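Data block below; observations after.
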2 protein chains.
Amino acid sequence: MSWKRDRPEHPRGYHHGNLKEELVRAALGLIGEKGPNGFTFAEAARLAGVSPAAPYRHFRDRDELLADVATRGFLAFEAALTRAWDQGRPDPETAFQRLGRAYLAFAHDEPAYYSAMFEAGVPLDASPELRAAAERAFAALRQSAEALIALLPQGKRPPALMMALHIWAMSHGIAALFGRADGGRRPLPMSAAELLEAGTLIYLQGLGIGGDGPASDD
Amino acid sequence: MSWKRDRPEHPRGYHHGNLKEELVRAALGLIGEKGPNGFTFAEAARLAGVSPAAPYRHFRDRDELLADVATRGFLAFEAALTRAWDQGRPDPETAFQRLGRAYLAFAHDEPAYYSAMFEAGVPLDASPELRAAAERAFAALRQSAEALIALLPQGKRPPALMMALHIWAMSHGIAALFGRADGGRRPLPMSAAELLEAGTLIYLQGLGIGGDGPASDD
DNA sequence: GCCCCCATGTTAGCGCTCTTTACATGAGCT
DNA sequence: AGCTCATGTAAAGAGCGCTAACATGGGGGC
């Protein structure tokens, strides 16, 4: 039959053995190549070397596979952010810039995950696991914001939640608008990472954190 | 035939007369209801009361219709931003906040346009008109940034392009993450508009614009 | 050690969309 | 009045999502 690999790399019998994982890998590849909509249940099955109906033994439908990819994405995302923050060492400002770079690096290096998480239109409550994973990722961001805010004297501290949302929005905005590998939409005078770094510095400056005066040109 | 309206509202003969416009309207409705992917060429044709092949007389394919919608969106967007900016009256800071609110209002009130423009994956060079319209919209944003920067003393002026990109990124980030009508993804302690307004104020503060000087100034 | 269960895979098929090709209609110019 | 060509329709092929009925064989219960 035409859907079968001519020479399966790992010859198998009737049962695949690890189809669910392989479907996720295939989905990641397809989403990365052709966007979250170019991804097709049937084509993922083809890549995995099984019939078009086989995926339905592991996922209720296409959306459930997408939600699974998004969940794994949020888990990896949270790990990357937590690793970058590294408990605020050596100091919160430095760690925070590292966090920003990690955000963009994730969006850039794992476009398939990032698409599934933020651009595929997967509803957050597609599964409890998805919501929990997304929550944990945001919590990592928020914790960093709290550590930075603790640098300010009491009475000049903005709400940590708001600050986290601002940073998230700017990061996501830069990633979505300018962070793509192909630079499809607009040529920039600077890299996305530099843009975010500068924006974060200015924002923190506005809060009274870091530097020794307002930003100026060089 | 089943695709035909049982009782066309505006009875017509063999020729529709204004199909292109009606297809665009149908597309807007569908995108608004079901997202940029829920939109279907065939269904737009059904809404317009014509056969599934008729749209191909007006658009090469589904993507060209989407690109046309995006182009119209950018034109409307630029008009909304320019109107909000109102040449910086009564003063640039006030006008700038109005601009931000207009950005979010557009994303909120015209989700179909906004989706087609930024979330449907339409490549900017799908048509020269699209690119030109997008360019003009960004130019409006950049002009406002320039007017604001002019408030700063020379030597403390950041590049206007960078500032425009920052504001755009934050606006788009907030719109994409929190600006949806259904609030699908995350409950906020404040409205998207308030969030953007606060973020913009903090950012401008960091540049030394507005309020009574940077927060670090005492 | 055998057998049967059922998780996992396949085949076949329905209904849908996208797109192309060949044909039909009629509005407007001459 | 007659022609032309833009604009519509019908028909058809390919691909996809999903379901139902059937096939296979790995592993647990005996």
Side-chain angles (χ1 to χ4, degrees), chain A residues 1-6 8-27 29-31 33-69 120-122 126, chain B residues 1-6 8-27 29-31 33-69 120-122 126:
Chain A
M1 311 304 172
S2 67
W3 53 263
K4 227 176 218 172
R5 283 178 188 157
D6 296 331
E9 291 154 17
H10 302 291
R12 64 172 179 90
Y14 193 92
H15 291 287
H16 182 288
N18 199 21
L19 184 52
K20 188 164 186 175
E21 293 301 316
E22 195 144 329
L23 284 174
V24 171
R25 279 213 304 274
L30 290 174
I31 297 171
E33 274 179 40
K34 310 191 281 187
N37 309 334
F39 150 69
T40 268
F41 225 38
E43 194 165 359
R46 218 173 297 138
L47 281 185
V50 296
S51 80
Y56 290 88
R57 296 294 175 194
H58 299 275
F59 302 96
R60 196 178 349 93
D61 57 15
R62 188 180 171 284
D63 289 344
E64 191 172 287
L65 171 49
L66 226 47
D68 194 88
V69 171
V122 179
Chain B
M1 312 306 168
S2 67
W3 54 262
K4 225 177 221 174
R5 283 179 187 155
D6 296 332
E9 291 153 18
H10 300 293
R12 63 173 180 90
Y14 193 92
H15 290 287
H16 182 288
N18 199 20
L19 184 50
K20 187 163 185 175
E21 292 302 316
E22 193 148 337
L23 285 174
V24 171
R25 280 214 305 274
L30 290 174
I31 297 173
E33 275 180 38
K34 310 191 281 187
N37 309 334
F39 150 68
T40 269
F41 223 38
E43 194 164 1
R46 217 174 298 138
L47 281 185
V50 296
S51 80
Y56 289 88
R57 295 292 176 194
H58 299 274
F59 302 96
R60 196 177 349 92
D61 56 16
R62 189 180 169 284
D63 289 344
E64 191 172 287
L65 171 50
L66 224 48
D68 194 88
V69 171
V122 179

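A note on names: the letters A, B, ... follow the listed sequences, proteins ahead of strands, and every chain is numbered from 1. Remember, predicted model here, so these are calculated numbers, not experimental data.
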Output one line per pair: protein atom, nucleotide atom from nucleotides 12-16 of chain D, and distance, for all N/O pairs under 3.5 Å.
from	atom 1	to	atom 2	distance (Å)
D:dC16	OP2	A:Arg46	NH2	2.8

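In this structure, A:Lys20 forms a cation-pi arrangement with A:Phe59, its terminal cationic atom sitting closer than 6.0 Å to the ring centre and no more than 45° off the ring axis.
Note that the CG atom of B:Leu47 and the CG atom of B:Leu23 stand 9.5 Å from one another [nearest 0.5 Å]. For the atom pair A:Arg46 CZ and A:Leu30 CG, the distance stands at 9.5 Å (nearest 0.5 Å). A distance of 11.5 Å separates CD of A:Glu64 from OH of A:Tyr56, quoted to the nearest 0.5 Å.
Atom pair A:Leu19:CG and D:dG26:C1' shows a separation of 16 Å (rounding to whole Å applied). Regarding A:Glu64, its CD atom lies at a distance of 11 Å from the P atom of D:dC18, rounded to whole Å. Rounded to whole angstrom, the span from the CG atom of A:Asn18 across to the C1' atom of C:dA7 amounts to 15 Å. The interatomic distance linking B:Arg60 (CZ) with C:dT20 (P) rounds to 10 Å, in whole Å. Rounding to whole angstrom units, CZ of residue A:Phe59 and C1' of D:dT19 are separated by 18 Å.
Remark: A:Glu33 pairs with no residue by the side chain to side chain donor-acceptor pair (under 3.5 Å) rule, at least two apart or across chains.
Annotation: of the two residues near DNA chain C, B:Arg57 and B:Asp63, the 5′-most nearest-nucleotide partner is B:Asp63. Taking the nucleotide of DNA chain C with the nearest heavy atom to each of B:Asp61 and A:Ala53, the more 5' of the two is matched to A:Ala53.
Side-chain nitrogen and oxygen atoms of B:His58 include none within less than 4.0 Å of the OP1 or OP2 phosphate oxygen of D:dA6.
Taking both residues in full, the closest heavy atoms of A:Ala120 and A:Leu66 are given as CB-CD2, 4.1 Å, listed atom of the first, atom of the second, then distance.
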